[in-house]
Amino acid sequence: MDYEKELPPDEKTTVPHPTVESARETAPDWRDQEDFMTRNGLNLRSFKRRPDTVHGGAVVLDKSMKTRHLHMIAIGGSIGAGFFVGSGQALKNGGPASLLIDFAIMGVMIFNVVYALGELAVMYPVSGGFYTYSTRFIDPSWGFAMGWNYVFQWAIVLPLELLVAGFTVQYWEGAQDVNVAVFITVFWVFITLINVMGTLGYAEEEFISSFIKLSATVIFMIIALVLVLGGGPAEGLYSEYWGARTWYDPGAFANGFQGFCSVFVTAAFSFSGTELVGLAAAETKNPLKSLPGAIRQVFWRITLFYILGLFFVGLLVPYDHPDLLGNTNSAKTSPFVIAGKSAGLVGFDSFMNVVILVSVVSIGVSGVYGGSRTLTALAEQGYAPKVFTYVDRAGRPLWSVLFVLLWAPLAYINLTATGEEIFNWLLSLSGLAALFTWGSICLSHIRFRKAWAYHGHSLDEIPFKAAGGVAGSWLGLFLIFIALAAQFYTAIIPLTVEDFFASYLAVFVVAVFWIAGYFWKRVGWLRTAQMDVDTGRRELDWDYINKERAEIATWPAWKRLMNRIF
């Protein structure tokens with residue numbers, strides 16, 4: 001049963017707002033009108049433009065993603081190199097205590113961000129971009145900046161992930177004599193093929209890769225518990241009770257306050273991509289039913305996988321381990337791999353290397369998905385060339401996908417003599433992008449709640465509410481400010497002009513987009529009375545919702561709390 005309907009536009013507001021509603025469809029289910037090969041992008045006919053987007057209709061993306069896909073994307077979609085490899089650099093810089101504390105703090109932040117996003121996404125269908133919430137509830141110029149910021153974030157992440165994938169393969173001796181460019185090309189072709197398969201191809205790839213990542217993390221934690229208790233092989237390091245000795249020697253913290261701040265930044269970036277569940281929800285048949293459950297899965301990912309997994313890492317691997325001092329692009333520096341080798345577990349390092357490879361490629365696929373959908377939404381609202389509104393018969397935003405894929409050759413730049421320096425500057429474009437995106441989501445939620453009350457609505461009219469409410473969004477916004485301040489601190493110590501701009505280049509890029517958006521749209525910061533809370537809002541079956549609420553009200557307090565969070 002579909003509990004969603006569409007409200008007519010509210011003509012009270014005098015400020016133009018881009019609607020964030022899902023685009024109108026000219027048929028009950030346009031996919032049913034195409035054959036199997038066309039629906040799944042497996043023939044040439046699938047690349048032709050969809051008929052209902054020719055005559056100025058709004059963009060309609062594919063709706064083939066299922067609830068199981070959304071849940072798996074939420075719980076494991078963004079676990080990648082930042083978790084498996086970047087955690088080694090974080091451990092070296094800050095020690096096990098900084099690793100645990102900083103990831104926990106950033107976990108609280110992302111928990112509130114995702115719940116705020118969930119509340120907004122259930123209220124207002126968003127087809128392709130979180131920037132529309134910024135445009136609607138903050139400032140159209142800021143929304144313009146956030147949209148392009150998000151596109152370029154993923155466009156730069158794609159070549160990075162391809163490069164890391166190439167180095168990951170070279171972990172094995174048989175691949176070390178092969179030029180990294182060969183592996184970059186192979187994975188570029190693979191990511192292209194996945195995206196040619198459209199939404200369903202992305203969803204199935206993410207389902208499988210997330211299952212592999214989560215299974216491997218659970219296996220690691222079970223093995224790690226045995227090793228900490230001294231149950232490792234006799235020839236390994238953990239053949240006797242190990243406990244928390246690494247917290248005493250070499251110690252819990254490394255490099256003082258600067259080390260603590262540097263881990264803060266790494267922890268924040270490791271959660272990048274968590275917000276993709278909001279984009280993916282737009283391509284499910286009934287986000288109202290599937291999205292809240294998916295949002296709740298984020299709690300488990302933060303507590304069980306990030307926090308508990310990295311706690312074991314800090315117990316097993318000392319921060320001064322020599323392998324942590326190597327090339328951060330290499331899987332050899334992964335503390336998960338180091339722990340397996342130190343334990344004498346034959347083949348475990350190769351197993352974890354495969355998991356790292358799957359994770360890296362998965363993030364590359366997600367980058368093309370997230371960047372292309374946002375670019376299509378920008379084009380629909382007149383913030384990007386109209387060519388990017390092209391959606392083919394398989395439901396793919398074809399030219400937007402191609403635009404993001406064409407950034408992949410930047411990975412080859414790193415292989416030249418001066419390429420690493422150039423590539424690091426390019427990476428700085430996306431360095432702080434995620435923090436700006438998350439901060440905008442929190443602020444949009446805060447201002448939405450204010451406008452919602454101003455226009456005479458009550459909280460009972462919101463079907464899915466953020467667990468922390470407005471206070472949670474304020475807390476998330478504060479922690480994002482802390483992460484930005486930590487990045488600023490690490491950028492100025494030691495102070496060099498080049499290092500500072502390399503660390504904070506994204507701030508200046510966002511500022512340029514913000515100014516450009518203002519001169520383009522000539523609309524600035526929105527007052528509460530100007531914020532439109534009705535246009536494009538879902539009209540819901542309140543008989544169903546009230547029945548569900550009445551049932552939940554009969555539950556004991558502990559069960560209601562568990563339902564609210566999990």
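The distance from atom SG of Cys442 to atom CD1 of Ile480, rounded to the nearest 0.5 Å, is 4.5 Å. Put simply, NZ on Lys341 and CE on Met352 are 14.0 Å apart, with the number rounded to the nearest 0.5 Å. For the atom pair OG of Ser400 and CG of Leu375, the computed distance is 4.0 Å after rounding to the nearest 0.5 Å. Atom CH2 in Trp188 sits 10.5 Å away from atom CD1 in Ile184 (nearest 0.5 Å). Rounded to the nearest 0.5 angstrom, Tyr319 OH and Asn93 CG are separated by 11.5 Å. In this structure, CD1 on Ile363 lies 10.5 Å from CD1 on Ile191, to the nearest 0.5 angstrom.
The closest donor-acceptor contact from the side chain of Ser350 to the backbone of Gly347 lies at 3.5 Å or more, if one exists at all. Within the 3.5 Å criterion, the main-chain N or O of Val358 finds no donor-acceptor partner in the side chain of Ser362. Under a 3.5 Å cut-off, the side chain of Asn353 and the backbone N or O of Thr168 do form a donor-acceptor pair. Although no hydrogens or angles enter the test, the distance criterion places a donor-acceptor pair under 3.5 Å between the side chain of Gln170 and the main chain of Val178. When atom types are taken as modelled, the side chain of Tyr131 and the backbone of Ala377 share a donor-acceptor pair closer than 3.5 angstrom. No donor-acceptor pair closer than 3.5 Å links the side chain of Lys92 to the backbone N or O of Asp320. In this structure, the side chain of Trp399 does not engage the main chain of Lys386 through any donor-acceptor pair within 3.5 Å. Proximity of a side-chain donor or acceptor of Arg396 to a complementary backbone N or O of Val196 within less than 3.5 Å is detected. The backbone N or O of Ala145 sits nowhere less than 3.5 Å from a side-chain atom of Asn149 that would complete a donor-acceptor pair. Proximity of a side-chain donor or acceptor of Tyr238 to a complementary backbone N or O of Leu316 within less than 3.5 Å is detected.
Side-chain rings of Tyr115 and Phe111 approach one another, their centers coming within less than 6.0 Å. Between Phe403 and Phe388, the ring centre distance stays below 6.0 Å.
Checked against side-chain hydrogen bond (donor to acceptor under 3.5 Å, both in side chains), Tyr150 has the following partners two or more places apart in sequence or in another chain: Trp154, Glu275.
Ring-plane geometry between Phe84 and Phe336 is classed as perpendicular, the angle between the planes exceeding 60 degrees on a 0 to 90 degree scale with a lower cut at 30. Ring geometry, Phe103 versus Phe271: the interplanar angle falls from 30° to 60°, so the pair is classed tilted.
Closest approach of Glu161 and Gly364 over heavy atoms only: CG-N, 4.1 Å. The two atoms that bring Pro318 and Thr246 nearest to each other are N-CG2, 3.9 Å, heavy atoms only. A pairwise comparison of heavy atoms in Pro409 and Leu405 identifies CD-O, 4.1 Å as the closest pair. Nearest heavy-atom pair, Val404 versus Gly367, reported as atom, atom and distance to 0.1 Å: CG1-O, 4.1 Å. Nearest heavy atom pair, residue Phe183 against residue Gly166, reads CB-CA, 3.8 Å. Val360 approaches Ala165 most closely through the heavy-atom pair CG1-N, 3.7 Å.
Atom CZ of Phe508 has more than 12 heavy atoms from other residues, nucleotides or ligands within 6.0 Å. No more than 12 heavy-atom neighbours from other residues, nucleotides or ligands sit within 6.0 angstrom of CD on Glu173.
You'll find the side chain of Leu91 reaches within 4.5 Å of the side chain of Pro96, heavy atoms only. Side chains of Gln89 and Leu324 form no contact here, defined as non-hydrogen atoms less than 4.5 Å apart. Looking at heavy atoms from C-beta onward, Trp438 lies out of side-chain contact with Leu117 at the 4.5 angstrom threshold. In this structure, the side chains of Trp172 and Val354 come closer than 4.5 Å at one or more pairs of heavy atoms. Contact annotation: the side chain of Ser342 never approaches that of Val317 to less than 4.5 Å [non-hydrogen atoms, C-beta and beyond]. Counting only heavy atoms from C-beta outward, the side chains of Tyr369 and Val365 never approach each other to under 4.5 Å.
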request  = Would you check, one step at a time, whether the test side-chain contact (heavy atoms from CB on, under 4.5 Å) holds for Tyr412 with Val180?
outcome  = CA-CA 9 Å; Tyr412 299 114; Val180 178; over 6 Å; no
ask   = Going through the distances and angles, do Val510 and Trp148 end up as a side-chain contact (heavy atoms from CB on, under 4.5 Å)?
value = CA-CA 8 Å; Val510 169; Trp148 279 105; over 6 Å; no
task = Go through the steps for Ser209 and Val361 under the test side-chain contact (heavy atoms from CB on, under 4.5 Å), then give the verdict.
result = CA-CA 9 Å; Ser209 63; Val361 175; over 6 Å; no
inquiry  = Please evaluate residues Tyr306 and Phe83 with respect to the criterion ring-ring contact (aromatic ring centres under 6.0 Å, His included), reporting the C-alpha separation (whole Å), side-chain torsions for both, the decisive distance (0.1 Å), and the verdict.
reply    = CA-CA 7 Å; Tyr306 276 93; Phe83 176 67; 5.0 Å; yes
request  = Applying side-chain contact (heavy atoms from CB on, under 4.5 Å), run through Ser366 and Tyr202 and close with a yes or a no.
outcome  = CA-CA 8 Å; Ser366 297; Tyr202 163 75; 3.8 Å; yes
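Side-chain polar atoms of Thr490 and Ser262 form no donor-acceptor pair below 3.5 angstrom.
Here the rule is side chain to side chain contact (heavy atoms under 4.5 Å, CB included) with Val337, and of Phe351, Phe348, Tyr171 only Tyr171 fits it.
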